[in-house]
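What you are looking at is a predicted structure, and each value in this text was computed from that prediction instead of being measured.
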Amino acid sequence: MTTDEIVEVAEDFVQDAHLFAELLRAGGPVRRVRLPPRGLPCYLVTGFAEARAVLADPRLRKNSQGIRDLYEAKLPPEATQGNLGQDLSWHMLNSDPPDHTRLRKLVNKAFTSRTVARLRPRVEEITAELLDALAGQEKADLVPSFAAPLPITVICELLGVREEDRADFSGWSKTLLSAPVRPEEMQAAAQNMLAYLTALIAQKRAEPAEDLLSDLVHASDDGDSLSEPELVSMAFLLLVAGHETTVNLIANGVLALLREPEQLARLRAEPALLPGAVEEFLRFDGPINLATLRFTAEPVEVGGVTIPAGEFVLASLLGANRDTERFPEPDRLDITRAAGGHLAFGHGIHYCVGAPLARLEAEIALGGLLARFPALALDAKPDELVYRPSSLVHGLEALPVRLR
């Protein structure tokens, strides 16, 4: 089946991304859409089987030069202003084999389950410190006070970012992942991030420390190493992806529980359910809305739709994870559900390298929060909660709660 119909997507679709995906999927698992804020034409995939297929299909490419060229071909010049420059784009998420294979091999060892398990004591320590700071309060916004600082602290310590620099870095990251943002703001954030990371890498080269960024600067695998642009881009990817995903996983998980008192009570009574519950939080209300851009190098048939060569394709991870064809009663939170196989961390060669760390942080954070505050409750009406204006990350601007 082919169709020329293009669905014009409303600017505020991220405020009810699950309903949007459900309505879109009702017309078929693959639809042509035009996405805000710049009117980008693409094919949006909301079916589970179809999304899983496109995420692993080598005919769909991700290299930054190809995406940039296609982006400029499909949009007028004024609509492409403010995009990230190539200096932050030479990382493994924006590359295809064999480049991707080489880049990923150099960072994989830092994020294995065994390596991440060694971080547990430090994650528990940071969590306890944040909970101690909340203990004397009656109310709090859990995003800036708990969900955000935990993963930011962990990834910055892992990479060797100074504590006094973390607030600036977090601000630049939020600007780069939000929309709509004025072009000059985007450019300023990108330039500040680039300048900072370039200087930090120079420091790690001159004075290596026991951190991941120093390891990457001096990494060599079969005589291979990262070039300067690759180092800067990889540092950017690991720092941004290493905290943005987990911030939203923690906050979305807390919100899901506070809206389902029976599930909350059961998890309090049976903390051993936490690892499985984290998988259900990932499936039910994951931290990523639409996966990053891919483009077709040749015609590809998906879900009965033939996508021509030279077209952008986006997979809705939120939509796929609530597809009734894969998960029965997908709109119901069930912390005992066998939620394995969800697509919250993607699929294929671009599967999130930081998934083990995100799972560990979420498990420790949620377990600690529920144990410390037995009276935890939502301090806002559902329609008062606002999601960040981003088609990529699926996260709350704020999560007001009552602690006592």
Worksheet item: Which residues pass the side chain to side chain donor-acceptor pair (under 3.5 Å) test with His342, sequence neighbours left out?
Response: Glu279
Worksheet item: Looking at Phe169 and Val240, what are the two nearest heavy atoms and their distance?
Response: CZ-N, 4.0 Å
Item to complete: Sort and list the pairs that fulfil side-chain hydrogen bond (donor to acceptor under 3.5 Å, both in side chains) and have at least one residue in residues 238-257, not counting sequence neighbours.
Response: Ser173-Glu244, Glu244-Arg388, Thr246-Glu361
Practice prompt. State, yes or no, whether a side-chain contact exists between Phe284 and Arg322 at a heavy-atom distance under 4.5 Å.
Written response: yes
Discussion item. So Phe373 and Leu131, do their side chains get closer than 4.5 Å, heavy atoms only?
Written reply: yes
Worksheet item: Heavy-atom distance under 4.5 Å between the side chains of Arg294 and Leu55, does that happen here?
Response: yes
Practice prompt. Taking all non-hydrogen atoms of both residues into account, name the closest pair between Ser95 and His350 and its distance.
Written response: O-CE1, 3.2 Å
Worksheet item: Backbone N or O of Leu60 within a donor-acceptor pair of the Thr296 side chain at under 3.5 Å?
Response: no
Worksheet item: Is the side chain of Lys139 donor-acceptor paired with the backbone N or O of Pro400 at a distance under 3.5 Å, no angle test?
Response: no
Item to complete: Can you run down the side-chain hydrogen bond (donor to acceptor under 3.5 Å, both in side chains) pairs that involve residues 143-155, sequence neighbours left out, and say none if there aren't any?
Response: none
Worksheet item: Which atoms form the tightest heavy-atom contact between Ala56 and His347, and what is the distance?
Response: CB-CD2, 3.6 Å
Discussion item. Once ring-ring contact (aromatic ring centres under 6.0 Å, His included) is applied, what residue pairs with a partner in residues 7-29 remain, sequence neighbours excluded?
Written reply: Phe13-Phe20, His18-His394
Fill in: Electrostatic pair Arg59-Glu301, nearest N-O below 4.0 angstrom
no
Worksheet item: Under 3.5 Å, is there a donor-acceptor pair between the side chain of Arg402 and the main chain of Leu378?
Response: yes
Response to the item:
Residue set satisfying side chain to side chain donor-acceptor pair (under 3.5 Å) with Asp12, at least two apart, ordered chain then number -> none
N/O donor-acceptor pairs under 3.5 Å from side chains in residues 260-267, not counting sequence neighbours:
from	atom 1	to	atom 2	distance (Å)
Gln263	OE1	Ile335	N	2.8
Arg266	NE	Glu270	OE2	3.0

Item to complete: Begin from the C-alpha positions of Thr127 and Val123 and carry the test side-chain contact (heavy atoms from CB on, under 4.5 Å) through to its verdict.
Response: CA-CA 6 Å; Thr127 299; Val123 176; 4.2 Å; yes
Worksheet item: Out of curiosity, Ser390 OG to Leu176 CG, how far, rounded to the nearest 0.5 Å?
Response: 11.0 Å
Worksheet item: Are any of the side-chain nitrogens in Glu228 or Arg205 under 4.0 Å away from the carboxylate oxygens of its partner?
Response: yes
Worksheet item: Under 3.5 Å, is there a donor-acceptor pair between the side chain of Arg166 and the main chain of Val161?
Response: yes
Practice prompt. Please report the closest heavy-atom contact between Val143 and Pro149, naming both atoms and the distance.
Written response: O-CD, 3.7 Å
Worksheet item: Is the closest basic N to carboxylate O distance between Asp383 and Lys381 below 4.0 Å?
Response: no
Discussion item. Tell me whether Glu384 at atom CD has more than 12 heavy atoms from other residues, nucleotides or ligands lying less than 6.0 Å away.
Written reply: yes
Worksheet entry | Polar side-chain atom of Arg283 near backbone of Pro330 as donor-acceptor pair, under 3.5 Å | yes
Discussion item. I'd like to know whether Asn192 forms a side-chain contact (heavy atoms from CB on, under 4.5 Å) with Asp168, so could you lay out the CA-CA distance, the side-chain angles of the two residues, the decisive distance to 0.1 Å, and finally the verdict.
Written reply: CA-CA 9 Å; Asn192 286 331; Asp168 284 340; over 6 Å; no
Practice prompt. Give a yes or no on whether Glu210 atom CD has more than 12 heavy-atom contacts from other residues, nucleotides or ligands under 6.0 Å away.
Written response: no
Discussion item. Check whether Arg104 reaches the backbone of Ile349 with its side chain - one donor and one acceptor, N or O, closer than 3.5 Å.
Written reply: yes
Worksheet entry | Shortest non-hydrogen contact between Leu282 and Phe345, atoms and distance | CD1-CE1, 3.5 Å
